[in-house]
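A quick write-up on the structure given underneath.
Quick caveat, the model's predicted, so the values are computed rather than measured.
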Amino acid sequence: MKADIILSSEAVFTGLEDGPKPAAIAISGNRIIAVAPPDEIESFIGEKTLVHHYGDQLIIPGFHDFHVHTMMGGLSLESLNLFEARSERQAVEMVQQYSETQEEAEWIIGFMWDSSYWVDKKFPSRYSLDHVISDRPVVLFHAEGHYTWVNTKALKMANIDSQTPNPPNGIIEKDENGEPTGILIEEATSLITKYAYDFSKQKKRELFKSFLSEAAKFGVTSVNNLYGTETLSKLDDFEIFQEFEEEGELTVRMHLFPALDGDIEGAVNLRKKYQSDKLCVSGLKQFIDGVITSRTAYMLEPYTDKPETYGMPAHSAVKIKQWVAEADQHGFSIRFHAIGDAAVRLALDSYETARNINGKRDSRHAIEHIEVIHPEDISRFGELEVIASMQPNHFALSKRGTYTERIGLEREKYVFAIRSLKNAGAKLTFGTDFPIDSLNPLVQIYRAITRIDSSGKDVWNPNERISLADALKAYTYGPAFGTFREHELGTIEEGKLADLVVLDRNLFDISTKEIIQTSVQLTISDGKIVFSNYTDLVKMN
């Protein structure tokens with residue numbers, strides 16, 4: 001058999017070892033048909049074979065982001081990014097400038113503001129936004145995505161006023177006079193997004209196309225698209241994903257995780273409907289808690305700076321365990337957002353309860369984020385065979401001091417305990433939670449191996465650093481295993497699907513600082529080149 005494409009390099013990280021080696025990879029159709037030393041690949045070269053040698057540039061398996069919100073990510077790419085704002089006033093100025101370029105837009109939408117970087121660290125108010133935009137609704141998502149800042153026009157469109165009660169698992173923040181401040185926490189945001197996200201099918205197609213382009217640019221060939229509360233469910237549209245697949249334009253493998261909500265019949269029907277090689281329902285996902293910064297993460301002990309609260313569990317323990325046991329019985333893998341140590345424990349307890357009821361099976365249940373964990377629960381990941389799904393760069397998104405103020409120094413020792421979990425037998429998987437973070441996998445890899453915090457210089461819990469090889473495996477083989485596809489994805493081997501990435505340098509040969517500066521030069525998804533910075537792929541005669 002002759003190859004369609006042959007790639008070779010002095011540095012190929014197959015994922016089967018802990019470092020790269022010289023190798024050539026022959027691809028026919030959407031499969032890898034040979035992996036061999038470069039001087040043994042000649043028999044696969046035909047008249048139409050594209051061949052390229054990449055020197056010492058690193059070739060790796062395609063990145064598999066284990067946690068994304070596809071459509072919201074596409075929306076963020078065309079919206080205002082407020083991460084650089086260092087005060088409420090500066091953020092408002094950025095909103096005003098952006099709005100002037102969006103004269104036709106019905107809504108002004110922004111992402112990534114973070115008041116922990118502001119001098120006063122206080123939440124902003126709707127009135128500062130009203131000062132510059134009063135005739136159009138504004139909705140701005142916090143960097144962690146669990147609360148939003150809106151103007152008065154947005155509140156009026158959603159009929160939110162002093163008499164509006166908090167929705168389940170949500171808070172409409174109000175001032176001393178009972179008036180909404182413009183901050184909506186957790187599910188309260190869905191009161192706004194049901195209007196702000198009322199997009200046409202064509203608009204959603206454009207957002208998805210933007211996401212696919214971004215994924216190809218960063219070498220992401222597979223994603224797990226996770227349910228993201230009612231706030232995001234308005235955006236998700238599995239039928240559009242299927243349209244792209246039918247039209248041959250789906251350039252990433254999409255593993256869908258709709259809501260775990262007790263509707264097991266609906267989940268089973270979705271699994272039957274979406275079960276192709278490139279688009280499939282792979283499990284179910286739900287939230288147990290919120291985030292540390294808003295004190296909605298569910299903790300075993302009270303918050304250090306607000307001892308009257310333990311956080312806010314999204315659902316009762318009884319309901320969570322019931323949902324998990326039923327879904328587990330139907331063969332679903334479950335994913336729980338669990339950031340606080342009490343939330344992590346409840347997730348583990350629910351998986352253990354399901355095992356006791358249904359019997360042990362290869363379930364590959366996972367817990368998302370695991371930002372704070374009680375040391376007694378670390379070993380339970382290995383014992384229960386639970387996957388640790390983490391986003392290492394998240395501990396550098398917000399100021400470290402914000403964490404310390406909320407949870408105290410003792411619990412801070414167990415923030416993002418990546419290495420401890422790995423050593424305890426947990427299978428590691430990495431992702432971005434895009435658009436909460438950039439879709440760039442190399443940022444997550446850099447953070448996992450350096451543990452440098454938001455200051456850019458201090459190392460947070462250096463004993464939790466992992467090796468470069470382990471970080472790459474957590475972005476390739478780990479997610480393939482987590483979606484039951486390790487037999488065809490996650491490593492570079494003969495017979496596997498041809499999802500490959502070429503970087504502009506060998507990560508194993510450079511300083512850690514250079515990892516962030518590294519870029520993707522070529523992305524091959526399902527045997528097709530979907531992104532390239534090269535013009536010299538040659539056709540051998």
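- If you run side-chain contact (heavy atoms from CB on, under 4.5 Å) between W113 and each of L140, T148, N81, L80, only L140 comes through.
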Worksheet item: Please walk me through it: do W149 and H142 pass side-chain contact (heavy atoms from CB on, under 4.5 Å)?
Response: CA-CA 7 Å; W149 171 24; H142 183 268; over 6 Å; no
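- A salt bridge links R400 to E412: at least one charged side-chain nitrogen sits closer than 4.0 Å to a carboxylate oxygen.
- Taking the six-membered ring for Trp and thresholds of 30 and 60 degrees, Y197 and F199 have ring planes inclined between 30 and 60 degrees apart.
- Applying the salt bridge (charged side-chain N to carboxylate O under 4.0 Å, His left out) test to residues at least two apart or on different chains, the pairs with a partner in residues 297-315 are R295-D305, D305-R406.
- Using a 4.0 Å cut-off between a side-chain N of Lys or Arg and a carboxylate O of Asp or Glu, E78 and K203 qualify as a salt bridge.
- For the pair F211 and N225, the minimum side-chain heavy-atom distance is 4.5 Å or more.
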Worksheet entry | Derivation and outcome, side-chain contact (heavy atoms from CB on, under 4.5 Å), residues E247 and Q242 | CA-CA 9 Å; E247 293 163 7; Q242 194 170 55; over 6 Å; no
Worksheet item: Step by step, would you call E245 with R253 a salt bridge (Lys or Arg N to Asp or Glu O under 4.0 Å)?
Response: CA-CA 10 Å; E245 182 188 25; R253 302 184 193 281; over 6 Å; no
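- Annotation: cation-pi geometry not satisfied between R380 and Y351 (NZ/CZ under 6.0 angstrom from ring centroid, within 45° of ring axis).
- In this structure, T181 and F123 have side chains that are not in contact, with every pair of non-hydrogen atoms separated by 4.5 Å or more.
- By the 4.5 Å heavy-atom criterion applied to side chains, E243 and R205 are counted as neighbours.
- Contact check on D237 versus K201 returns a salt bridge, with a Lys/Arg side-chain nitrogen under 4.0 Å from an Asp/Glu carboxylate oxygen.
- In this structure, N151 contributes its side chain and I133 its backbone to a donor-acceptor pair below 3.5 Å.
- Two rings, from Y117 and F83, have their centers less than 6.0 Å apart.
- Close placement of the F208 and F244 rings is indicated, their centers lying within 6.0 Å of each other.
- In this structure, F238 has its ring center closer than 6.0 angstrom to the ring center of Y274.
- For the pair K427 and F481, the distance from NZ or CZ to the six-membered ring centre is under 6.0 Å and the angle to the ring normal is within 45 degrees.
- Taking the six-membered ring where the residue is Trp, the centroids of F111 and F141 are separated by under 6.0 Å.
- Salt-bridge check for E368 with R335: passed, with a basic side-chain N closer than 4.0 Å to an acidic carboxylate O.
- A side-chain donor-acceptor contact under 3.5 Å links S398 and D114.
- Residues F430 and P392 have side chains in contact (heavy-atom distance under 4.5 Å, counting atoms from C-beta outward).
- The side-chain hydrogen bond (donor to acceptor under 3.5 Å, both in side chains) search around D263 returns none, not counting sequence neighbours.
- Residues D161 and K156 are not paired through a salt bridge, judged by the lack of any N-O separation under 4.0 Å between the basic side chain and the carboxylate.
- Ion pair E385/R364 not flagged as a salt bridge, since none of the NZ, NE, NH1 or NH2 atoms sits closer than 4.0 Å to an Asp/Glu carboxylate oxygen.
- At least one side-chain heavy atom of F381 sits under 4.5 Å from a side-chain heavy atom of L348.
- Here the two rings, on H67 and H337, have centers that are 6.0 Å apart or farther.
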Discussion item. Before you tell me yes or no, could you show the steps for D328 and R355 under salt bridge (Lys or Arg N to Asp or Glu O under 4.0 Å), namely the whole-Å CA-CA distance, both residues' side-chain angles and the distance that decides it to 0.1 Å?
Written reply: CA-CA 8 Å; D328 179 81; R355 176 183 282 195; over 6 Å; no
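- T304 places a side-chain N or O within 3.5 Å of a backbone atom of I407 that can act as its donor or acceptor partner.
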